[in-house]
2 protein chains.
Amino acid sequence: MRKGQKKLSASLEALKKAEAICESNGLKLTKLRKQVLNLIWKKPGYVKAYDLLDELKKVDPSAKPPTVYRTLDFLMENGLIHKIQSVNAFIGCPHPDEHNECYFLICDRCQKIEECCSTKINNVVSSTSKNNNFTPSKVTFEIAGTCQNCLN
Amino acid sequence: MRKGQKKLSASLEALKKAEAICESNGLKLTKLRKQVLNLIWKKPGYVKAYDLLDELKKVDPSAKPPTVYRTLDFLMENGLIHKIQSVNAFIGCPHPDEHNECYFLICDRCQKIEECCSTKINNVVSSTSKNNNFTPSKVTFEIAGTCQNCLN
DNA sequence: AACAATGATGTTATATTATAACATTTATAT
DNA sequence: ATATAAATGTTATAATATAACATCATTGTT
């Protein structure tokens with residue numbers, strides 16, 4: 001498989017899932033939202049909001065920060081993308097149809113992110129929360145470092 | 001014990017530890033750095049950089065953003081405070097003398113943060129990293145929600 | 001003491017990230 | 001067709017953070 005191919009199909013896959021999810025939830029995946037979702041998937045690594053804005057401006061010069069942030073909000077609310085807090089950036093979610101507690105391996109060098117799911121986190125979260133009488137609502141778990149590929 | 005007392009002693013405790021750490025590492029805990037560390041500990045919950053700047057300006061009107069951010073950098077580098085990525089804010093570290101992988105329970109309502117340490121996280125981080133041939137360098141684990149006190 | 005070197009702080013300017021508030025357009029349901 | 005709600009457009013500004021260079025303070029060396 002050539003470079004980029006996997007990405008391409010992942011992107012198409014993501015769009016299909018997004019359409020299915022919106023369809024079944026009565027949400028509108030508008031042209032703008034599709035464009036933004038595609039732009040996010042097109043980039044190999046994570047994407048910054050203002051880079052997205054620059055890309056968007058190429059096809060719609062009237063795009064402005066709220067255009068992007070509102071669209072990102074929609075995509076996040078519906079689980080189609082994730083915000084990575086430690087770098088203020090966004091990535092597409094490869095499995096928006098499954099709601100897992102996920103975490104992220106973020107490569108400092110190539111900006112690529114691996115999304116991982118593990119019940120272990122759920123366990124840590126729920127046991128700690130119980131111990132502290134804490135009611136959790138949002139988990140942020142991000143591991144920055146260097147990926148295999150960049151080490152070589 | 002009256003309200004505030006626990007906090008007060010925690011703050012003094014933190015300062016003592018900071019002094020000891022700097023002493024033994026040949027670092028200078030300058031007046032400015034002490035002031036900032038104290039301001040961080042004085043507040044019950046997490047502190048935003050620009051709120052800190054406002055406080056600082058009360059005693060030193062010439063304080064500016066770099067004043068604060070540089071000082072925060074110093075305190076972070078030396079493990080005396082933590083940055084909480086999901087809210088862009090800072091808290092004092094209660095055990096700067098022990099280097100544990102920690103995580104945080106962040107109350108959305110009162111802004112108080114509980115710092116927790118658990119080897120389970122280390123396990124998740126290292127096993128996942130191994131599985132993905134990933135070399136981790138920085139872990140961000142933050143759980144937002146509501147604390148016991150605010151639920152009542 | 002004079003000096004160089006380093007580290008800390010001061011200062012100006014600007015970059016980056018994000019949202020509030022209100023106007024207009026588009027889609028949907030009755 | 002028309003009222004309603006949702007989406008997008010637009011202007012302005014808030015909030016977070018850093019670059020770059022100047023000055024001052026501390027320390028160690030001659």
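The chains referred to below are lettered A, B, ... by the order of the sequence lines, with proteins before strands, and numbering in each begins at 1.
Close approach of DNA chain C to chain B, defined as any atom under 4.0 Å from a non-hydrogen atom of the protein, starts and stops at dA8(C) to dT12(C).
The residue among Pro66(B) and Arg33(A) whose nearest nucleotide of DNA chain D is located toward the 5' end is Arg33(A). When each of Ala49(A) and Pro65(B) is assigned the nucleotide of DNA chain C with its nearest heavy atom, Pro65(B) is the one assigned upstream, toward the 5' end.
Of the options Val36(A), Val47(A), Leu75(A), a side chain to side chain contact (heavy atoms under 4.5 Å, CB included) to Ile81(A) is made by Leu75(A) and by none of the others.
The separation between Lys34(A) atom NZ and dT8(D) atom C1' is 17 Å, rounded to whole Å. The interatomic distance linking Leu52(B) (CG) with dT16(D) (P) rounds to 12 Å, in whole Å.
At a non-hydrogen distance threshold of 4.0 Å, Thr67(B), Arg70(B) from residues 67-74 of chain B come into contact with DNA chain C.
Phosphate proximity of dA17(D) to Asn88(B): present, with a side-chain N or O under 4.0 Å from OP1 or OP2. Put simply, Lys48(B) has a side-chain N or O that comes within less than 4.0 Å of OP1 or OP2 on dT16(D).
If you check the side chains of Tyr103(B) and Thr140(B), you find no donor sitting under 3.5 Å from an acceptor. Under the 3.5 Å distance criterion, with hydrogens and angles disregarded, a donor-acceptor pair is assigned to the side chains of Ser86(A) and Glu142(A).
Among the atoms of the strands shown, only primed sugar atoms or phosphate atoms (P, OP1, OP2) are found under 4.0 Å from some heavy atom of Lys83(B).
Remark: the backbone N or O of Ala144(A) is paired with a side-chain donor or acceptor of Ser137(B) at under 3.5 angstrom.
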